[in-house]
Amino acid sequence: MSTRMFGEPVARREDPRLLTGRGRFLDDLGRDALAAAFVRSPHAHARILDIDVTGALDVDGLVAIYTFEDLPDQVGAPLPVLLPHPALTHGRTARPLARDVVRHVGEPVAMVVAADRYLAEDAAGLIRVEYERLPAVVGIENAEAARDLVHDDVPGNVGAVLLQENGDAAAAIDAAPHVLEFRLAIERSASTPLEGRGVCARWDADDGSLRVYTSTQASTSVRAAIAARLDLPAGKVEVVAPDVGGGFGVKIVHPWPEEVLVPWAARLLGREVKWAEDRREHFVAAAHERGQLHDVRVGFDGAGRVLGLDVRIRHDHGAYTPYGIVIPIVTSTQLLGPYKIGAYRAEVVSLYTNTLIVTPYRGAGRPQGVFCMERTMDRIAGHLGLDRGEVRAANFIQPDEFPYDQGLTFQDGRPLIYDSGDYPGLLRKVRDLIGWDGFGALRAEAAARGRRIGVGLGCYVEGTGVGPYEGGHVEIDSAGRVHVSTGLTSQGQGHQTVFAQIAATELGVPIADVHVTTGDTRRFGYAVGTFASRAAVMSGNAIALACRKVRAKALRIAAEALEADPSDLEITEGEVHVRGDRSASVPLRTVAVLSNPLRYAFDEQTAAATQFAVGGSPSEPPVAAGDEPGLEGRDYYSPVRSTFAAGAHAAIVEVDPDTAEVRVLRYAVVHDCGRLINPMVVEGQIHGGVAQGIGGALYERMVYDASGQLLNASFMDFLMPYATEVPHIETDHLETPSPLNPLGVKGAGEAGVIPVSAVIASAVEDAEGLRVDAMPLSPDELFDLRRRAEHDPALRTRAVNGP
């Protein structure tokens with residue numbers, strides 16, 4: 001097997017174990033653990049008057065019941081605002097258990113611990129909570145009207161107001177030959193991973209240490225949070241992310257109330273305690289995303305070039321802001337996409353509502369921003385009667401203009417500077433892939449048979465590889481096995497495969513000899529987490545740098561054994577040899593032995609490293625000053641700023657003339673994530689993202705009534721696309737390496753989902769000749785739009801605009 005693995009479509013190494021039932025997920029652990037269950041608020045906004053636990057006290061197997069009054073100060077204190085920002089002037093977070101007021105359905109009020117989950121649920125059902133119901137604030141318009149307040153001390157329900165601008169947008173728009181104004185909307189959705197959240201904690205009283213297993217995207221950050229809340233040294237807390245059955249952003253939030261309460265109860269009771277979320281809990285007690293309204297004003301010239309753009313973004317962040325205002329920050333900055341805008345102004349107003357918190361979901365604010373920008377491009381094209389692709393091309397940043405400074409501040413606090421790209425190349429490729437130029441004939445042929453089809457287009461730029469850092473540790477043992485570890489966690493992205501490919505390429509070893517561990521603070525104690533399409537950029541480069549340290553040391557030690565110059569040596573198939581000549585070589589496993597001077601021999605291999613077997617100058621120490629025993633290296637990668645991936649999507653849809661059902665016939669993606677580590681893994685990420693994007697465009701939404709009750713909190717009512725709704729996805733790649741990191745890579749994990757709503761809206765609008773300004777779009781809504789357009793010509797597009 002070749003050791004030049006970078007760029008090869010290596011099959012995922014994780015899959016055989018996971019597909020044959022040998023995965024180790026959170027609920028597979030703690031078979032003998034006590035079980036926790038939670039009493040959660042049935043009301044969206046209410047004052048807690050009394051909690052009566054007496055009815056639950058006689059349940060056999062009951063161990064403990066905890067309310068807010070039972071929690072120590074640090075345990076019961078409000079959870080942190082993870083990402084404070086100067087614009088977040090009224091940040092508010094929940095307590096692990098509600099104290100006086102609940103502010104969304106599903107907020108935890110009490111915790112029950114019992115011998116098993118059935119008994120815990122039985123006891124929880126017998127606890128009586130008396131509430132005084134308060135007015136609920138639901139929806140962006142109601143929040144902004146502020147007739148009622150979610151938090152008494154937050155005026156107008158406004159948590160944050162953020163302004164980003166470059167140039168004088170108002171003046172540029174006023175002076176433009178053409179001006180349009182309109183409103184766009186995207187409704188709430190949610191991550192809904194196959195595996196919900198879960199925590200299992202075990203206290204060692206003799207050692208004074210705590211081990212916590214949690215289904216998380218940020219194991220090291222959970223460790224820091226638990227240590228702080230339980231007043232433990234960080235070194236006495238171990239946090240392990242076992243196999244995680246999907247995250248998509250919801251598991252980057254930390255600590256969840258349960259991640260504080262379950263370890264606290266385990267220490268207090270001296271018993272292992274576990275909690276695994278059920279599906280309804282996930283709907284009402286985890287997190288949502290997406291809900292925004294955009295008021296757009298744009299000025300442009302006769303060629304479709306944008307001279308000024310002003311967008312007012314109203315963001316529903318739910319009842320609390322544990323993740324700050326990252327989502328609307330990303331929306332306001334990534335909205336610009338691959339375009340040069342003459343002047344730009346974005347005002348974000350982030351509002352509290354009595355609904356579930358809003359935190360990142362795959363795409364994290366980008367789908368909303370891209371929907372806004374791409375719908376704007378289509379509006380401009382329609383107004384001028386131009387081809388939609390030509391309008392985009394007229395606004396593109398050109399390949400010779402990189403690095404390109406958009407003059408804004410990105411979510412990492414660094415300048416929004418695009419590192420590399422070829423946006424015209426992406427557009428050319430996706431037009432060819434979907435057959436854009438020949439679509440007119442296809443449309444006419446379909447129409448002759450009574451079918452109604454349309455084509456849509458969307459472009460995007462995605463900030464990836466957000467700092468501040470990630471690290472990697474690499475060790476080669478005396479059997480020649482390569483052990484790679486990083487604190488970054490995995491939720492199905494293929495990390496064990498791509499990180500092994502990087503190590504195999506850097507070290508010149510067979511990939512079968514590389515073993516990867518992620519998300520275990522026992523193996524790597526410092527990390528940030530898995531989010532923002534950052535794994536390959538951050539941990540990938542850290543692992544590569546660590547491998548280079550190990551490689552340099554291996555060549556130095558081997559050079560002494562081979563009596564050669566290290567610069568003349570290379571490593572092939574785990575053998576160190578003179579470049580171009582493998583007749584004299586030394587295996588890496590032997591180099592590993594020689595790297596560790598020994599007094600005692602334990603086997604035939606280690607005998608070669610003992611004091612009488614190894615020569616050397618008697619005047620020099622066996623381990624040189626500044627050196628360390630063993631063949632291992634550790635390094636960190638910390639970028640000066642984010643990388644920026646990009647892509648273009650196109651789709652052909654068919655709309656039923658009678659039922660208004662939308663079917664995606666073809667879907668094409670061209671993506672640029674810099675150098676490809678594994679094309680197969682990248683395509684898998686794109687396919688999964690597109691599937692989620694189709695869900696967000698046509699099916700998925702969280703529906704609240706006026707009292708704050710979530711009406712579709714089950715998979716019976718919350719619609720998701722099946723395999724039958726996801727078409728074959730045609731993919732192509734463009735590689736513009738990033739100059740910001742040693743591997744030249746950019747992220748790919750979220751790319752598939754980002755432009756899908758915009759693309760499908762464009763295609764439906766093209767098929768129907770009706771303006772599509774809101775997503776998701778159900779058959780009912782499209783049918784109603786048709787009906788309203790019969791009486792309101794403004795709902796119709798000016799003409800079918802391109803191709």
Side-chain angles (χ1 to χ4, degrees), residues 186-194 245-246 248 279 282-283 288-290 361-363 367-368 370-371 374 430 433-435 442 446 451-458 492 647 649-669 671 683-703 712-731 749-768 770 772 774-786:
I186 284 191
E187 192 44 274
R188 278 185 175 221
S189 186
S191 298
T192 56
L194 280 175
F248 309 116
R279 186 52 59 181
H282 186 81
F283 273 104
H288 298 163
E289 219 246 77
R290 301 288 194 252
Y361 165 34
R362 195 177 196 174
Q368 300 95 308
V370 171
F371 183 74
E374 295 304 297
V430 83
L433 204 56
I434 203 67
L442 189 65
R451 298 175 60 201
R452 190 178 295 178
I453 65 173
V455 64
L457 180 69
H649 291 202
I652 296 174
V653 306
E654 180 172 5
V655 185
D656 190 290
D658 299 317
T659 66
E661 291 177 283
V662 177
R663 186 161 66 99
V664 183
L665 302 179
R666 290 183 59 197
Y667 203 96
V669 176
H671 184 59
E683 291 194 8
Q685 290 278 23
I686 289 171
H687 292 177
V690 170
Q692 284 184 300
I694 290 172
L698 299 175
Y699 304 104
E700 300 175 11
R701 78 176 76 212
M702 294 296 175
V703 181
N712 59 336
S714 76
F715 285 148
M716 291 292 290
D717 304 300
F718 177 79
L719 302 181
M720 292 192 296
Y722 296 161
T724 49
E725 280 76 57
V726 180
H728 171 72
I729 299 162
E730 303 161 61
T731 58
E750 298 174 89
V753 76
I754 291 171
V756 183
S757 284
V759 171
I760 291 179
S762 180
V764 172
E765 185 173 281
D766 185 46
E768 290 281 310
L770 301 174
V772 178
M775 282 294 189
L777 183 66
S778 69
D780 284 351
E781 287 162 325
L782 181 54
F783 191 87
D784 182 62
L785 183 58
R786 287 174 178 172

Output, in order, the C-alpha distance, side-chain angles, deciding distance and verdict of side-chain contact (heavy atoms from CB on, under 4.5 Å) for Glu187 and Arg290. CA-CA 6 Å; Glu187 192 44 274; Arg290 301 288 194 252; over 6 Å; no
Check against side-chain contact (heavy atoms from CB on, under 4.5 Å), Val703 and Asp717: CA-CA 10 Å; Val703 181; Asp717 304 300; over 6 Å; no
Pair Arg666, Val455 - check side-chain contact (heavy atoms from CB on, under 4.5 Å), show working. CA-CA 9 Å; Arg666 290 183 59 197; Val455 64; over 6 Å; no
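Put simply, CG on Leu785 and CG on Asp780 are 12.5 Å apart, with the number rounded to the nearest 0.5 Å. Rounding to the nearest 0.5 Å places NE2 of His288 at 8.5 Å from OG of Ser189. The CZ atom of Arg663 sits 10.5 Å away from atom CD of Glu725, with the distance rounded to the nearest 0.5 Å.
In this structure, Glu750 contributes its side chain and Arg362 its backbone to no donor-acceptor pair below 3.5 Å. Side-chain N or O atoms of Gln692 include none that pairs as donor or acceptor with a backbone N or O of Gly689 at under 3.5 Å. A donor-acceptor pair is defined here as one N or O able to donate and one able to accept, closer than 3.5 Å; such a pair exists between the side chain of Ser714 and the backbone of Met716. No donor-acceptor pair under 3.5 Å is formed between the side chain of Asp766 and the backbone N or O of Gly456. At least one donor-acceptor pair closer than 3.5 Å links the side chain of Arg786 to the backbone N or O of Pro657.
The shortest heavy-atom contact between Gly696 and Pro776 is O-CB, 3.2 Å.
Within 6.0 Å of CZ on Phe783 lie no more than 12 heavy atoms contributed by other residues, nucleotides or ligands.
Taking Ala763 as the reference, Val653 meet the side chain to side chain contact (heavy atoms under 4.5 Å, CB included) condition, with sequence neighbours excluded.
Residues Tyr667 and His649 bring their aromatic ring centres within 6.0 Å.
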